[in-house]
Chemist: 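So that we are looking at the same thing, I have put the structure below in C-alpha cells.
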Amino acid sequence: MVVLTDRTQKRLTMQTGEIAPDTTAIRSLDWDRDRFDIEFGLQNGTTYNSFLIRGEKIALVDTSHEKFRELYLDTLKGLIEPSQIDYLIISHTEPDHSGLVKDIVQLAPEITVVGSKVAIQFLEDLVHQPFKRQIVKNGDQLDLGKGHILEFVNAPNLHWPDTIFSYDAGTQVMFTCDAFGMHYCSDSTYDEDMSAIEADFRFYYDCLMAPNARSVLSALKRMDKLPEVTTVATGHGPLLSHHVTEWLDRYRRWSQAQAKAETSVVVFYVSDYGYSDRLSQAIARGITKTGVGVEMMDLKSADPQEVQETVSRAGGMAIAMPPASNKAATAAVSTILAAVKSKQVVGIFESYGGDDEPIDPLLSQFRNLGLKEGFAAIRVKETPTEATYQLCEEAGTDMGQLLTRDREIKQRKSLDSDLDKALGRISGGLYIITAQKGDIKSAMLASWVSQASFKPLGLTIAVAKDRAIESLMQVSDRFVLNILEEGNYQALMKHFLKRFPPGADRFEGVKTQTATNGSPILTDALAYVECKVESRMELSDHWIVYASVDAGRVSKADALTAVHHRKVGNYY
Ligand code: FEO
C-alpha cells in the first residue's frame, strides 16, 4: 500500500507488506532526505522501518520519525486498533525510530514498553508521562504466542548505548534497527539487487558503525549463538533477506579490520544532547579514515571503570562538551581527567546543546597534564552546517594523522631500496581534483590517474583513504579533473600541496570557474574533464575511484601535460 502526501508529491510515503507469518513491515519512505548529515552523504533518501507482530499478544517494533506522524499513525490504524497492541519494543531511542512513542503510549495507555535499561531511562526524557515498562537483558525472551518467541540481543553502541536486537524464533527474523541498515529509499522492500545498494551499505557502515567496530563484533558473536537468521529487518533501507550471509560477513570483515588498529581514540559524546552525536560521528569518521581505531562512549551512561580502562589504552581522546547540568556526564569528564597520560593527545568540541560546559577550563586542565592537542578546539556558534561537519571530519583526520605519523615515517624507510627505486620509475601526470557537494568543496593534488575505459569514457584515480576529498568522491558524486601544464604548474602545485587547517577554504586566492557539474575548474589548468564516480575499489591504504567522463576542454592546444617524475616508489 502506498499513501501519498497531498502537499508534496512522492516525498513522504508509506509502504506496508507481510515479511513473514503474522509479521508486517510498516515502512516510512523519506524520499528526499538529502542533507549532508554524515551518513546521509549519498543522498538517496532513507526509510524508517517499523514492524507489527501478531501472535496471541501483539507487538510493535519501533515507530517512526515524527515527520511521519499523521501518515504513520493512519497506516497503523488501518492495520490494527492501536489499543490492542500489548508491547512496544524499543530497539533504540533516537527520534528517527522513537519519534512517535509518545503518540503510541497515548493511543494505547495499557501498552508495555520493552527496552534495555538505558533505553527506558532515555525514554523517560522523551515521553514525559508514566508508561508501563519492561527492562530486558541479553538472552531474555518474550513469548507472544503462536510460536513468536522473541529473544533479545544486547547490542550497545549500534547506534547508541541503548540498542537491542530482537530475534523472532518463529519466523527467524532479526530486528536490528540501525545496525545493518542503509540510507536508501526505494519501493523495493528487500535487498534483491546487491549492486544497487552496496555502496550505500558501505558508506553507512563507515559513518555509523566503523567507530563502533568492537561493539559490532560483540553483537555478531551474540547473534552467532542464535538459530539461523533468514531476514534482517533493519530500521533503515531495504530489509536483508537475499544475501544475509554476505552482508553479515561484510560487517564482520570490516569490523575485524577496524578492531586490529594499533592505535585508537576514544570519542566521548552525549547521546541526545545538542549536536553532540552528529558532530562526534563526523570526528570519528575523520579519525577512522587514517586507520586509527575509534571507540565511542556516551558520557551520560558510561560505566566509570570502563571509561578509565578505555582512556588508559587509547592514544587520544576527542570530547564533546557535555551539558553542565548533567551530573553523570560531568563526573565522567573527571574520570577521564584522572585517567589520562601525558603522551596522549586530546581534542575538544562544543555540542551546541544550549548548556555546554565551557571549553577553556577543561582544555587548560589537559594542557597542565601534559597532553598535546590533536586538533584546535572546535567552537560551534550556530546550528551546525555542512561546513561544520566537514571541519569536524578534517579535525578528526588531523588527530589520526598526528597519532600515526611516526609509524608512517618508519614504514616509508622499511622498503627494499632497489625495489623502491625501481618502482619510483613509474611516472604519472600532475593533476588537481576539485569537487563541490552542497556548500562544501575540496581539492587534492593527484598523480596516480589513468584512463581506464573507452565506452563509456572513464578514468581511475587512486585516492589515499585519509584524504579530505575522499568524502566527496562517493559513488554518484561528481568532480573535476584539472590537468596541469608542463612548465606552468608550480604555483598551483605549491598551493594545493600546503597543509590546510580543518575546514579551510582550499580555493582562497585561486582563480576558478564553475563546471556544469558544479565543481570548480582551475582557470590556470591546461585542461579539465568533468567526472562522475561510478564505482570504488578498496585497497589497503587507497581507494581506486573509477569515474565516467562526460565533458572536457583544453585551453592551449599545443601545450603538454606536466609529468611527475619520482625517485622512490614508497611515497608520491
Ligand atoms: Fe536511525 Fe540512531 O537512529
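As the structure lists them, so they are numbered: ligands from 1, and atoms in each ligand from 1. This one's a predicted model, so the numbers in the text were calculated from it and none came from an experiment.
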Chemist: Please find out if atom 2 (Fe) of ligand 1 and some N, O or S atom of D277 are separated by less than 2.8 Å.
Modeler: no
Chemist: Would H97 and H236 count as a close aromatic pair, with their ring centres under 6.0 Å?
Modeler: yes
Chemist: Tell me whether H159 has at least one N, O or S atom under 2.8 Å from atom 1 (Fe) of ligand 1.
Modeler: no
Chemist: Under 4.0 Å between a Lys/Arg side-chain N and an Asp/Glu carboxylate O for R214 and E306?
Modeler: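 No, no charged N to carboxylate O under 4.0 Å.
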Chemist: Is atom 2 (Fe) of ligand 1 under 2.8 Å from any N, O or S atom of D96?
Modeler: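 Within the cut-off used here (under 2.8 Å), D96 places no N, O or S atom near atom 2 (Fe) of ligand 1.
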Chemist: Relative to atom 1 (Fe) of ligand 1, which of the N, O or S atoms in D178 is the closest?
Modeler: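 Result for D178 and atom 1 (Fe) of ligand 1: OD1.
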Chemist: Which N/O/S atom belongs to H236 and is the closest one to atom 1 (Fe) of ligand 1?
Modeler: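 Of the nitrogen, oxygen and sulfur atoms in H236, atom 1 (Fe) of ligand 1 lies nearest to NE2.
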Chemist: Please state whether the separation between atom 1 (Fe) of ligand 1 and some N/O/S atom of H92 is under 2.8 Å?
Modeler: no
Chemist: Flag the pair E66 and K102 as a salt bridge only when some basic side-chain nitrogen lies within less than 4.0 angstrom of an acidic carboxylate oxygen.
Modeler: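 The answer is no: the pair does not qualify as a salt bridge.
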Chemist: Looking only at N, O or S atoms, which one in E94 sits nearest to atom 2 (Fe) of ligand 1?
Modeler: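 Going through the N, O and S atoms of E94 one by one, OE1 ends up nearest to atom 2 (Fe) of ligand 1.
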Chemist: Using a strict 4.0 Å threshold on nitrogen-to-oxygen distance, state whether K289 and E394 make a salt bridge.
Modeler: no
Chemist: With distance as the sole criterion, is a donor-acceptor pair present between the side chains of Q141 and E151 under 3.5 Å?
Modeler: yes
Chemist: Does the separation of the ring centres of Y251 and Y205 fall below 6.0 angstrom?
Modeler: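 Yes, the ring of Y251 comes within the 6.0 Å limit of the ring of Y205, centre to centre.
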